[in-house]
Amino acid sequence: MKKFILDDGRLLSGDHDIEGIAKDLYEEVRDLPIISPHGHVPVAWFAQDLHFANPTSLFITPDHYVTRVLHSQGVPLSALGVNRTDYTDDEARKAFLLLGEHWNAFAGTPMRYWFEDALQRVFGIDEKFGPDTAGRIYDEFDELLASDEFTTRELAKRFNIEFISTTDDPVDDLALHDKVNADEDFPARVAPCFRPDKYLEPARADWPELAAALGAAADVDTTTYEGFHEAMRRRRLYFKEHGAVASDHSHADAGTARLTEEEARTLYAKALKESIDPDDATRLRRHFVNDQARLAQDDGLVMTIHPAVYRNYDHRNFVEYGPDTGADIPDKVDFAAGLRPLLNEYGNNPDFHFVAFTMDETEYSRSLGPLAGFYPALYVGAPWWFIDAPEPILHYFQSTVVAAGFTKLSGFIDDTRALCSIPSRHDMNRRLTARFVAGFVADHRLSLDEGRDIVRAAVRDQPRKVFKLD
Amino acid sequence: MKKFILDDGRLLSGDHDIEGIAKDLYEEVRDLPIISPHGHVPVAWFAQDLHFANPTSLFITPDHYVTRVLHSQGVPLSALGVNRTDYTDDEARKAFLLLGEHWNAFAGTPMRYWFEDALQRVFGIDEKFGPDTAGRIYDEFDELLASDEFTTRELAKRFNIEFISTTDDPVDDLALHDKVNADEDFPARVAPCFRPDKYLEPARADWPELAAALGAAADVDTTTYEGFHEAMRRRRLYFKEHGAVASDHSHADAGTARLTEEEARTLYAKALKESIDPDDATRLRRHFVNDQARLAQDDGLVMTIHPAVYRNYDHRNFVEYGPDTGADIPDKVDFAAGLRPLLNEYGNNPDFHFVAFTMDETEYSRSLGPLAGFYPALYVGAPWWFIDAPEPILHYFQSTVVAAGFTKLSGFIDDTRALCSIPSRHDMNRRLTARFVAGFVADHRLSLDEGRDIVRAAVRDQPRKVFKLD
Amino acid sequence: MKKFILDDGRLLSGDHDIEGIAKDLYEEVRDLPIISPHGHVPVAWFAQDLHFANPTSLFITPDHYVTRVLHSQGVPLSALGVNRTDYTDDEARKAFLLLGEHWNAFAGTPMRYWFEDALQRVFGIDEKFGPDTAGRIYDEFDELLASDEFTTRELAKRFNIEFISTTDDPVDDLALHDKVNADEDFPARVAPCFRPDKYLEPARADWPELAAALGAAADVDTTTYEGFHEAMRRRRLYFKEHGAVASDHSHADAGTARLTEEEARTLYAKALKESIDPDDATRLRRHFVNDQARLAQDDGLVMTIHPAVYRNYDHRNFVEYGPDTGADIPDKVDFAAGLRPLLNEYGNNPDFHFVAFTMDETEYSRSLGPLAGFYPALYVGAPWWFIDAPEPILHYFQSTVVAAGFTKLSGFIDDTRALCSIPSRHDMNRRLTARFVAGFVADHRLSLDEGRDIVRAAVRDQPRKVFKLD
């Protein structure tokens, strides 16, 4: 067996001169602890010491980045364990072989990069993954996962995580967060994140029940708009008291227009009676989003938005497998128009922090860069989801830095539910940050010392500042 | 006369390290036969051994890529022979001199690249083209074209074409295709392509006659929607029986929403009576396009779309010179919204192959990459027309590979009516594919061996797979 | 004190091979005189020999590129002297210290590049600017500005400006332009530019007075549309007689659709009576813009457009500080649809020159490149405002040259009101032009000699041709 060793200079540039500078810059940050201000790893994995059933349940089934590519090769999601309660170990092993068989489909993708990186750096497996080795690697892996060294908590400890956020329902009691943060044996701070999306969508059939559930959690009567608003206020405070630093929001567009208070009351009442029409539901939702920013003026939670995705784009896939199974597709977005009401009202408050993420790369230079280069509250979020990949990350820096500088970027956000990809994603981003800045050093726009300061600030200081971690 | 020799490393990168790797990769594919799954060369050029009247009738008059740039310099299209029946040899020679005179306008464009490449590699002329040499080169050229070595068929043979598709009217009897494919002396397989655009546009004034003509060709009564659909089914099968592998579609948008069967019947009847309004005509057209995908589920023809062009953007140019004379301009397109009905219905069928081409580069990372990274049926078409050029081709790879991998790209499509540009266009693309992959090898994302496999697959295996040529 | 010397190879590429070629090309143009066909420096600065009050009044207060970034760091604009009549020298010095304190916010931005460049090349200050040196540099600077060597006119002379255009109100008598152009001691030709924006916006509350003022200036009764049109015609001619070469236009969109003459008359009358609704006002404005192109067919003024900006995006900022204070944000634009009426009517006239600028980079490859590659009248304007920066400038070349060639670009436009940034901006652009062309030489698409010709033409011949300066 030929050893497969990742090149230490990977991603640092194909140009030798720039690669040399990038290596220097990367050394400044390669070993810094991980700060992960937004992601989707279940808190239970940190609070309880769980074993993964097998490599497939760690690397394939829950990772819609991976399952979607296999699906694009004609592999049915059921074969990968998605939405299966009767999935057997034998099927899990076969799924891993399928991944090997279709490994060429991943060439050039970040999913392959993260997988190979985790394989070697986390699990010490230095064989090249592919059709011929998938079975052997599965077995080796399976053995490691059965040991006590690669439980969920042990993995998290290995990763040198300083801060990590989960994503949580506003009615959650956050007991597991309290548990893990009280646990002196667990080194990372694990913060909840207030994610009220479904409570802000009056067009949902189950919205009246959601409003009632929110009221119950907050001990407030939510049969009026005022009550709903008060319940939100209380739950946000509850989250903050339990360690949250941010609220996160993902809706179909970036709209934030306010209604008059009377309109809000009227539409709220209609929505409760399920007699609101779709346009009014959209207007009420935008008002609700604006309300979240308003509440943030007082409670200080950072507000992050991830708008403009066609969720469950494929209807049959949704019916068969449910949400978050790979059939989400980015939509165009218009931040300048959508955010204008919000930014006009709150954007000049430097104590309010607002981070906008996009998968519509055209918005970086046209809207988000210029907006962040004026509004103290606004930070441009790092490339997200489909564009959390080398070329788009370099493009993001190119498009935003010239308009807004480095200090108005969010720092890296992994936004992942794939635990083992966390160190790989952060390392990828550090390498690319070093590469981008190395380009500026190489063409004499920055000195090497300035480059070092910028890279270190980008990796450590910036996310700590933006997410108010100090 | 100083010899002008194209550098063998052209386009392979300005960075010497990457250029070295790219040369290695390029060697893998430089001599592979040409596969051209979509283009516009007349089948008569392959079926009959024609002489070109002169260099202008080969290189200028029919090539709207060239005439539009000369037009942008103030040269009237009539001087270039466009839409002229009385064009003289003397005028043709003058047009070639005009090309020389304005040669600086082509610096940096692919048109110049293809022209110089063909001049040297196809015709063995190793003098630099320009104002001072245009006359001499014209004469040398003219002599070559008069010989029996540079007829249409001899040119095609030189090019080492394995497969080439023409573009054909659904009512065509395809007799010339049968002739050339029966001809053992002609090495390439020449496939027709089913291109029903005008039959799917009920807003056209001549649409009732087109529907009738389609019916006549299919021997079906097309006075009802059902009859029209059956006629389409039959003509597609006829094309398939005569070697077609694909249908091609170019409309103003990417819409594919279905009507109810009753709506389709009603709007069809209105359209036949020329009483359909523009919005309904658009709705009916989108339904027709969806129908083509439906028919492909049975007959297996690959479906390719080239949407969103303002055809005949300049009204006076259209009146004076007719269609396809350079005044077509790309429009914005929205694939995610437009294709949703089609992909929801047929996108999960791996036996259905659907290729989407765009000139709106923003769609690569926002829509087409993510969509092709989920739907087995969808492949991202290579850059088309104005963006079939080095920088956009590299950008295409950068934007799509990270989301969908190399296996969900269409392979190169030349889409040209300029015969002599075919080898130059394919060679350009091979060089750029090698260059892009070399970048991944240089920054240690792929090994050199993997790079070789990817480049070879991209040039040969991928178009054969996508267009079902095996 | 350690000397800070800008590297002579700055911006010429991080790749050593390309940098070497770029240096060669840059040498061709580094010392050519400046041609500045569009900008906002007040004519008074050339006509009268003014002293700047202090460095802040030169480098910070009037430069919304700089103030917006400081604002994004939480610095109130009032602290920078914006819209202040009571601003003291002491406050000015403090503002300069604030700039030093926040200097890291400018890392990677063109504003930092221009500032450092001007500091060293114009003022001979070779100390690195930053928090520790801002005070010392302010004092050194202040002394220089008090001398007679750094007055407005002396600065302009140092810059080797051959031609510069201001931006002027149609009713301006242009006396200062006459004065400076008659002055043999001042080397540059200073042209006015006809900028009728506000007169073309019938939705403005003050529009009736503006129409009347225009009539008064032109000595024409503007109570009818015909009179208004005649007044425009006369004022354009007046500008031309006083040296203008161009008119410039910036509206919310790129629309140019004509009304019928009767509609124009009717809407004009409504607008005068302040009873025009917003949609009709937009339609009338687009007709007015089309009229400007029509007038240009006779008077020969070059027409430049800078559309699609949300002016005064932030309402409170506008109320407190007025227009042009940094809260302008780019909007999406649709040139293909918007310009179609204008280009269909006038685009084929090679004597009409029309230059379209955009901050929506997506339009370069989708619309402007293809349009300029057909219409003789159209030139693609250089990157503007937020995208007048290295990476977007390279992207502009990449996106447009392959479709339209180098001869259909506008040449560089600084568009600035920051006098001292003029030589730095032009130098930056020359370096980047050399860098872009060097890439084509390095990958063997152009010979070094061709590269030299192209760079020289881009810097000197092209703006002279496009703006009819010969």
Side-chain angles (χ1 to χ4, degrees), chain A residues 4 6-19 64-65 67-69 71-76 102 104-113 128 308 310 313-317 326-333 358-362 385-392 394-395 431 435, chain B residues 13 15-18 21 332 334-337 339-340 343-345 347-351 361-367 369-379 394-395 397-408 436-447 450-451 453-454 457:
Chain A
F4 172 64
L6 296 171
D7 193 286
D8 199 49
R10 62 194 182 280
L11 288 180
L12 292 177
S13 176
D15 179 286
H16 284 179
D17 301 320
I18 296 173
E19 185 181 350
H64 57 86
Y65 286 64
T67 58
R68 71 173 179 83
V69 174
H71 182 267
S72 82
Q73 303 292 312
V75 176
H102 291 288
N104 73 321
F106 288 85
T109 69
M111 289 72 85
R112 185 179 119 139
Y113 183 94
K128 183 143 180 63
Y310 290 96
Y313 182 90
D314 191 84
H315 180 67
R316 271 182 287 183
N317 190 77
D328 292 344
I329 300 296
D331 191 11
K332 290 179 168 74
V333 62
T358 185
M359 289 187 288
D360 182 345
E361 298 184 68
T362 69
W385 203 333
F386 295 97
I387 58 174
D388 180 9
E391 279 66 27
L394 295 171
H395 177 246
R431 289 172 179 274
R435 176 182 185 154
Chain B
S13 175
D15 179 285
H16 284 179
D17 302 319
I18 296 173
I21 301 168
K332 289 178 168 75
D334 188 341
F335 284 111
L339 297 183
R340 191 170 190 176
L343 290 172
N344 266 261
E345 205 157 356
N348 288 305
N349 174 10
D351 296 327
E361 297 184 68
T362 68
E363 287 289 285
Y364 287 133
S365 87
R366 189 177 48 218
S367 297
L371 286 168
F374 177 77
Y375 282 107
L378 182 64
Y379 296 87
L394 295 171
H395 178 246
F397 283 126
Q398 287 163 10
S399 304
T400 56
V401 166
V402 294
F406 288 97
T407 70
K408 297 308 301 288
F436 176 73
V437 175
F440 275 45
V441 174
D443 76 359
H444 315 291
R445 272 187 273 180
L446 294 170
S447 73
E450 289 172 319
D453 289 346
I454 287 168

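Letters A, B, ... mirror the listed sequences (proteins, then strands); counts begin at 1. Computed from heavy atoms alone, side chains included, the values below leave out hydrogens, waters and symmetry copies. This one's a predicted model, so the numbers in the text were calculated from it and none came from an experiment.
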Chain B contacts, top residue of A/Gly74, A/Gly326, A/Gly108, A/Pro110 (heavy-atom pairs, under 4.5 Å): A/Gly108
Tell me, for A/Asp17 versus chain B, whether the close heavy atoms (under 4.5 Å) come from the side chain, the backbone, both or neither. neither
Quick check for you: among A/Asp8, A/Val69, A/Asp15, which has the greatest number of heavy-atom pairs under 4.5 Å with chain B? A/Asp15
Give the C-alpha distance, both sets of side-chain angles, the deciding distance and a yes or no for side chain to side chain contact (heavy atoms under 4.5 Å, CB included) between A/Glu19 and B/His444. CA-CA 11 Å; A/Glu19 185 181 350; B/His444 315 291; 3.3 Å; yes
NE2 of A/His395 to OG of B/Ser365, rounded to nearest 0.5 Å, is 8.5 Å
Does any backbone or side-chain atom of B/Ala457 lie under 4.5 Å from a heavy atom of chain A? Answer side chain, backbone, both or neither. neither
Does B/Arg366 pair with B/Glu361 as a salt bridge, N-O distance under 4.0 Å? no
Per-residue contact mode, A/Thr362 against chain B (heavy atom under 4.5 angstrom): side chain
Out of A/Pro76, A/Gly9, A/Ala308, which one racks up the most heavy-atom pairs below 4.5 Å with chain B? A/Gly9
Nearest heavy-atom approach of A/Asp360 to A/Asp331 is CB-O, 4.2 Å
Checking heavy atoms, do the side chain of B/Asn344, its backbone, both or neither come under 4.5 Å from chain A? both
Part of B/Tyr379 lying under 4.5 Å from any heavy atom of chain A: neither
Below 4.5 Å from any heavy atom of chain B, which atoms of A/Arg431 appear? Answer side chain, backbone, both or neither. neither
For A/Tyr310 and B/Arg340, which I'm curious about, is there any donor-acceptor pair between the side chains at under 3.5 Å? no
Once you round to the nearest 0.5 Å, how far does CE of A/Met111 lie from NE2 of A/His64? 10.5 Å
Highest number of heavy-atom pairs under 4.5 Å with chain B among A/Thr109, A/Asn104, A/Ile387, A/Thr358 belongs to A/Thr109
Looking only at A/Arg10, A/His16, A/His71, most heavy-atom pairs under 4.5 Å shared with chain B are made by A/His71
Spatial distance of atom NE2 (A/His315) from atom CG (B/Leu343) [nearest 0.5 Å]: 15.0 Å
Is the charged tip of B/Arg445 near the ring of B/Phe440: under 6.0 Å from the six-membered ring centre and within 45° of its axis? yes
Between CD1 of A/Ile329 and OH of B/Tyr375, what distance do you get to the nearest 0.5 Å? 7.0 Å
Interface moiety of B/Asp453 toward chain A, non-hydrogen atoms closer than 4.5 Å: neither
Side chain, backbone, both or neither: which part of B/Ala438 has a heavy atom under 4.5 Å from chain A? neither
